[in-house]
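As structure tokens, the structure follows; a few thoughts come after it.
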There are 2 protein chains.
Amino acid sequence: MKIDRTVVKALPLFDRMSDEDLDKLLGHAAARRVPQGESVFEQGQPAVSFYLLLHGRLKVTQVTEDGQQIIVRVVHPGDLFGFAKALQRTDYPGTAIAAAESLTLGWPTDLWPSFVEHNPRLAVTAMQTIGQRLEEAHTRIREMSTQEVERRVAHVVLRLARKAGRKEEGGIRIDFPISRQDIAEMTGTTLHTVSRILSAWEGLGLVEGGRQKLLVRNIPGLSELAEGLKDHS
Amino acid sequence: MKIDRTVVKALPLFDRMSDEDLDKLLGHAAARRVPQGESVFEQGQPAVSFYLLLHGRLKVTQVTEDGQQIIVRVVHPGDLFGFAKALQRTDYPGTAIAAAESLTLGWPTDLWPSFVEHNPRLAVTAMQTIGQRLEEAHTRIREMSTQEVERRVAHVVLRLARKAGRKEEGGIRIDFPISRQDIAEMTGTTLHTVSRILSAWEGLGLVEGGRQKLLVRNIPGLSELAEGLKDHS
DNA sequence: CGATCAGTTGAAAACAATCAATGCCGGTGG
DNA sequence: CCACCGGCATTGATTGTTTTCAACTGATCG
């Protein structure tokens with residue numbers, strides 16, 4: 001499929017690339033529409049491609065030997081993902097599932113080295129991206145080590161509102177279908193506990209729930225909770 | 001201080017580098033002896049250098065706004081650490097403290113780009129290292145999300161035995177001073193809980209404790225616990 | 001329109017944190 | 001050389017959060 005240059009030109013990752021180089025890059029790319037619920041790649045498969053998310057939303061999950069699932073991260077439009085090969089891995093460490101209908105751009109991993117060579121900026125950006133991801137992971141570890149569940153859920157919801165929020169009358173809508181189970185898998189708890197917490201918040205007017213829906217009504221209030229300032233009666 | 005080439009030649013990071021290049025690299029390096037309890041750098045300080053640990057053992061810690069501490073990772077001999085600048089950070093995200101008397105080699109961060117340019121292998125290795133670290137972080141997140149404290153402690157102890165174990169009559173000695181508090185900060189629990197767990201294990205003949213000491217007597221037994229196979233009466 | 005999936009909510013149980021007291025080891029200084 | 005002090009560790013009792021178990025409701029989709 002032929003991709004228009006202007007689609008990706010807007011992304012920070014490519015904004016300094018010449019039209020010429022960009023066209024060459026896109027010549028090798030394969031665009032793919034991923035319906036909700038389908039996966040781009042699965043945990044353990046050989047890493048044959050790396051990807052860019054153009055539109056939609058993906059959840060990257062891992063399953064433990066004993067069958068428990070966690071959500072490693074959420075992929076937002078403009079994010080690179082699945083570049084296991086750049087980290088010297090031969091297989092994908094997780095599964096990428098479309099939480100909403102998505103559009104991805106994929107390149108064969110073999111091309112990674114030549115890309116980087118022709119485009120040093122890409123290498124720097126990739127490095128930076130991984131660095132950010134490492135920091136995010138450490139943040140999560142810190143939160144899981146030191147904070148009780150409610151604060152962790154508050155942090156996750158705020159993060160989602162920031163990265164996937166769409167303004168709406170009455171608050172900020174999380175712009176893709178997300179279940180209590182998903183939030184539980186992001187915070188290391190159970191859907192029951194998440195449900196209880198969200199119900200309580202709804203009672204306080206902080207959020208408004210719904211089946212796979214979430215509307216954040218009061219960001220400052222949630223932030224207070226997240227920072228642990230709330231006098232926890 | 002002048003460093004002998006043979007000291008670092010043994011490390012995988014440098015084993016394919018020419019003597020010439022290596023000498024040039026070491027010409028810019030500053031060796032430093034770090035007594036137990038002292039820090040190489042502290043959280044929040046501007047990242048002026050990146051380092052290689054030649055000897056000893058370091059704990060990298062982070063302190064949360066509300067004063068709680070966690071151990072992000074343990075640095076073993078041969079590990080690169082403190083290369084925040086490579087990840088586009090201007091300051092160190094954590095504090096590196098010598099758990100035992102240590103010897104470090106430091107380079108100004110400004111030199112990183114030219115190093116990488118003259119030595120592409122270093123870039124690849126660095127990328128790989130960060131990739132590994134990201135995976136470790138995810139492993140930790142997975143464990144904290146899905147496993148109870150005892151299994152997490154078992155995993156940490158096994159990891160320590162693998163990375164910092166010295167064979168000894170009767171078992172594997174963790175080869176640097178480590179307190180219950182440290183283990184608590186690595187597993188996201190309290191020193192009380194760790195103490196109880198280790199006491200129980202000592203009763204089962206799995207380990208042998210002591211003030212800042214740990215001897216692992218039964219690796220397979222601990223592994224069973226770590227994998228959750230143990231019938232948890 | 002029935003089946004399935006997401007969510008809610010109560011009750012009980014389990015796990016780990018907190019509170020509290022005490023013991024022990026190792027080093028320092030009298 | 002001994003006594004004391006401080007940091008590390010142990011252990012019991014209690015509290016509280018979160019999980020687990022279980023039952024049920026309501027929405028959505030074929």
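Lettering follows sequence order; numbering is per chain, from 1.
- Phosphate contact (OP1/OP2 of C:dA6, side-chain N/O of A:Ser179, threshold under 4.0 Å): absent.
- Residue B:Glu148 has its side chain nearest to C:dA16 when only D:dC8, C:dA16, D:dA13 are considered.
- With rounding to whole Å, B:Glu150 atom CD is found 12 Å from C:dA16 atom C1'.
- With rounding to whole Å, B:Leu198 atom CG is found 10 Å from D:dA9 atom C1'.
- In the set C:dA17, D:dA9, D:dT19, the nucleotide with an atom closest to the side chain of B:Thr190 is C:dA17.
- With B:Phe81 as reference, B:Val40 is the one residue of B:Leu52, B:Thr129, B:Val40 to meet the side chain to side chain contact (heavy atoms under 4.5 Å, CB included) rule.
- Distances shown here put every side-chain N or O of B:Ser195 at or beyond 4.0 Å from the OP1 or OP2 atom of D:dT11.
- The shortest non-hydrogen separation linking B:Gly188 to B:Arg152 is O-NH2, 3.4 Å.
- In the set C:dT18, D:dT18, D:dT20, D:dT20 carries the atom at the smallest distance from any side-chain atom of A:His192.
- Counting any heavy atom pair closer than 4.0 Å across all strands shown, A:Thr193 reaches a base atom.
- Distances were taken from every side-chain heavy atom of A:Arg180 (C-beta onward) to each of C:dT8, C:dA6, D:dC8; the shortest belongs to C:dT8.
- Between B:Asp182 and the choices B:Arg73, B:Lys59, B:Lys213, the salt bridge (Lys or Arg N to Asp or Glu O under 4.0 Å) rule is met once, by B:Lys59.
- Heavy-atom distances to DNA chain D give each of B:Gln212 and A:Thr189 a nearest nucleotide, and the one nearer the 5′ end belongs to B:Gln212.
- Rounded to whole Å, the distance from CD on A:Glu208 to C1' on C:dG7 is 16 Å.
- For the pair B:Phe83 and B:Ile130, the minimum side-chain heavy-atom distance is below 4.5 Å.
- Atom-to-atom, CG of A:Asp182 to P of C:dC5 comes out at 15 Å; the value is rounded to the nearest Å.
- For the pair A:Leu214 CG and C:dA6 C1', the computed distance is 14 Å after rounding to whole Å.
- With hydrogens and angles ignored, a donor-acceptor pair under 3.5 angstrom links the side chain of B:Arg196 to the base of C:dT18.
- Judged purely by distance below 3.5 Å, without hydrogens or angles, the side chains of A:Glu42 and A:Ser39 pair a donor atom with an acceptor atom.
- Nearest nucleotide to the B:Val149 side chain, out of D:dT20, C:dA16, D:dG7: C:dA16.
- In this structure, B:Gln36 atom CD and D:dC8 atom P are separated by 10 Å, rounded to whole Å.
- Note: CZ (B:Arg211) to C1' (C:dG23) measures 12 Å, nearest angstrom.
- To the nearest angstrom, C1' of C:dA16 lies 17 Å from CZ of B:Arg151.
- Annotation: of the two residues near DNA chain D, B:Ser199 and A:Lys213, the 5′-most nearest-nucleotide partner is B:Ser199.
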